[in-house]
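Step one of this worksheet: look at the structure below.
Below, chains carry the letters A, B, ... as their sequence lines are ordered, and counting in each starts from 1. The figures that follow rest on heavy atoms only: side chains count, while hydrogens, waters and symmetry mates do not.
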Amino acid sequence: MPSIRLGRLSQEEDFRRVYREGSRRTTALLVLHARPNGTESVRVGLVVGRRLGGAVARNRVRRRLREAIRAERGRIRSGADLVVVPRRAAAAASYAALRGAVCVALDQAGMGGAAEERGR
RNA sequence: GGAGCAGGCCGGGCGGUCGCGGCGCGUUUCGCGUCGAGGAAAGUCCGGGCUCCGCAGGGCAGGGUGCCGGGUAAUCCCCGGCGGGGGCGACCCCAGGGAGAGUGCCACAGAAACAUACCGCCUGACGGCUACAUCCGUCGGGUAAGGGUGAAACGGCGGGGCAAGAGCCCGCCGGCGGCCUGGUAACAGGUCGGCCAGGCAAACCCCACCCGGAGCAAGGCCAUAUAGGGGGAGAUGAGGCGGCCCGCUGAUCCCCGGGUAGGCCGCUUGAGGUCCCGGGUAACCGGUGAUCCUAGAGAGAUGACAGCCGCGCAAGGGUGCCGUGAGGUACCCCGGCGCACAGAACCCGGCUUACAGGCCUGCUCCCCUG
RNA sequence: GGCCCCAUCGUCUAGGGGACCAGGACGCGGCCCUCUCAAGGCCGAAACGGGGGUUCGAAUCCCCCUGGGGCCA
């Protein structure tokens with residue numbers, strides 16, 4: 001449900017477009033959807049479902065992910081829409097583990113996004 | 001010293017670096033300053049404020065509450081008292097009106113579940129034995145003491161009385177009714193009468209009191225909109241006002257097709273907290289008193305990194321003491337792990353539920369010492 | 001954030017205070033039938049979400065938790 005600065009995704013339509021047209025990378029802790037948006041800005045949406053736990057647990061996961069993405073923002077190509085969906089295991093994961101998962105997913109998706117753009 | 005009861009409180013602290021949200025300021029791609037979750041923010045179980053439904057009117061239906069008195073904006077909450085139950089006690093628990101209005105239910109067992117007689121007891125007539133005694137059988141009457149059933153059987157114990165019995169009579173207890181006394185009242189105490197009537201209303205119900213409905217996604221404003229498109233109903237009353245009716249209102253409403261699904265307000269200072277003074281047993285109320293007031297997001301702000309201190313946990317080492325010993329205990333040290341329950345979304349008052357650890361106050365019981 | 005529903009064998013359900021109380025269907029296991037399988041027949045295992053209360057007695061009535069589901073501009 002929540003999102004991040006650095007450009008946030010908010011509209012339901014935007015989320016659906018990323019799901020439909022973007023690439024998808026899955027790790028043990030999270031799923032990353034990515035799609036070039038044709039602009040200079042980067043927008044990120046976080047989807048933290050109720051299966052992650054109560055409000056405190058969901059807030060903790062969302063804040064850690066937001067911090068991890070901020071720290072690793074150098075790895076993101078400009079002009080991308082990202083949707084990060086933490087999986088159930090993320091609720092028990094440490095910040096370091098989450099940051100590692102973000103790092104891996106961003107590296108793979110960054111290449112995928114570029115390849116997809118070339119294909120058009 | 002040990003066990004326990006009641007009430008209240010805290011719920012990690014300190015300062016860095018990088019980030020986030022609001023507000024303010026500034027030489028507005030940025031910088032500076034400042035503030036930034038809870039006692040339950042939770043469950044949404046009650047009650048209010050606020051907003052809209054024209055007014056929030058009457059009746060029915062429906063729902064809620066239910067000893068008495070008080071507090072409050074209000075309550076199913078709180079305080080005080082009464083009654084009942086539990087505990088040696090401090091104290092705790094109780095939806096606790098009416099079954100002497102009606103309906104219904106009370107399985108199984110039992111004769112009978114609300115008015116009855118199975119066994120039994122007593123007795124009359126007749127018959128059977130030899131005789132009016134005893135015994136047995138049949139028919140009738142009396143009885144509710146005893147047996148047995150059950151969760152529950154026209155009150156319990158003792159005595160008198162009687163053919164046997166029975167509140168039939170007497171004493172005590174319990175219940176009911178009248179009167180008197182105390183209390184605002186619930187009720188308590190006394191006295192007289194008399195023995196009359198099972199339980200369940202968290203079964204229907206009766207009585208008393210309360211409740212109009214929705215909910216900030218309420219509601220209001222602005223902007224945008226192949227467009228002001230097509231069809232139908234309507235002052236002989238459309239439609240609306242809670243589920244219905246009365247009553248009120250009075251010109252728009254319904255369907256098809258199409259568009260917008262963005263911004264601003266509501267949005268945080270209020271039945272506000274703390275202290276003091278006064279009133280009250282208390283809840284609470286009053287005060288020209290003093291002081292503190294600062295989260296306000298909108299896919300939804302508190303996180304990351306490292307340090308010091310505090311607390312807890314289970315292990316390791318050293319020293320002292322006790323013990324033959326396994327071990328126990330006190331202090332110190334090194335490194336480690338963890339720090340509960342849990343996250344505001346219009347706001348308040350309650351209730352309920354979750355919660356590592358710790359602190360304070362008052363009280364009870366037991367043991368020891370004086 | 002607010003407002004409403006629901007809960008019974010593995011699944012779908014019946015039962016709304018005692019007795020036919022925990023019944024039925026599908027599924028599961030065993031046996032019979034058949035050369036074998038299916039179908040059919042017989043038998044069996046299997047549940048009232050949790051905790052309190054009312055009652056002599058709760059799946060059923062009341063309260064509190066827990067877990068699902070739905071609606072809103």
Should [N] be called syn or anti, with syn set as within 90° of 0?
N	result
B:U268	syn
B:G110	anti
B:A235	syn

Whom does [N] pair with, Watson-Crick or G-U wobble, provided both distances fall under 3.5 Å?
N	value
B:U369	none
B:G182	B:C187
B:G124	B:C139
C:U36	none
B:C248	B:G240
B:C355	none
B:C275	B:G289
B:C50	B:G215

Sequence neighbours left out, what passes side chain to side chain contact (heavy atoms under 4.5 Å, CB included) with A:R24? Give chain and number order.
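With neighbours one apart ignored, the set is A:T26, A:V31, A:H33.
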With A:A71, which residues qualify under side chain to side chain contact (heavy atoms under 4.5 Å, CB included), at least two apart?
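For A:A71 the side chain to side chain contact (heavy atoms under 4.5 Å, CB included) partners, ignoring immediate neighbours, are A:Y95, A:R99.
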Heavy-atom pair with the smallest gap, counting every atom of A:A28 and A:A89:
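Heavy atoms only, the tightest pair is O-CB, 4.1 Å.
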Please report the distance, rounded to the nearest Å, between [atom1] in [X] and [atom2] in [N].
X	N	atom1	atom2	value
A:Y95	B:U302	OH	P	13 Å
A:H33	B:A299	NE2	P	20 Å
A:R66	B:A297	CZ	P	16 Å
A:R64	B:U302	CZ	P	13 Å
A:I69	B:G303	CD1	C1'	13 Å
A:R70	B:C18	CZ	P	10 Å
A:R60	B:A304	CZ	C1'	14 Å
A:R43	B:A299	CZ	P	13 Å

Would you indicate which nucleotide in B:A342, B:C18, B:A344 comes nearest to any side-chain atom of A:A55?
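The listed nucleotide nearest to A:A55's side chain is B:A344.
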Tell me which nucleotide among B:A342, B:A304, B:A37 gets nearest to the side chain of A:E67.
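Minimum distance to the A:E67 side chain belongs to B:A304.
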Check whether any side-chain N or O of A:R63 sits under 4.0 Å from OP1 or OP2 of B:U302, and answer yes or no.
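For B:U302, OP1 or OP2 has a side-chain N or O of A:R63 closer than 4.0 Å.
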On a whole-Å scale, what distance lies between the [atom1] atoms belonging to [N] and [M]?
N	M	atom1	result
B:A217	B:C267	P	12 Å
B:G26	B:C55	P	47 Å
C:G68	B:A186	C1'	48 Å
B:C92	B:U364	C1'	14 Å

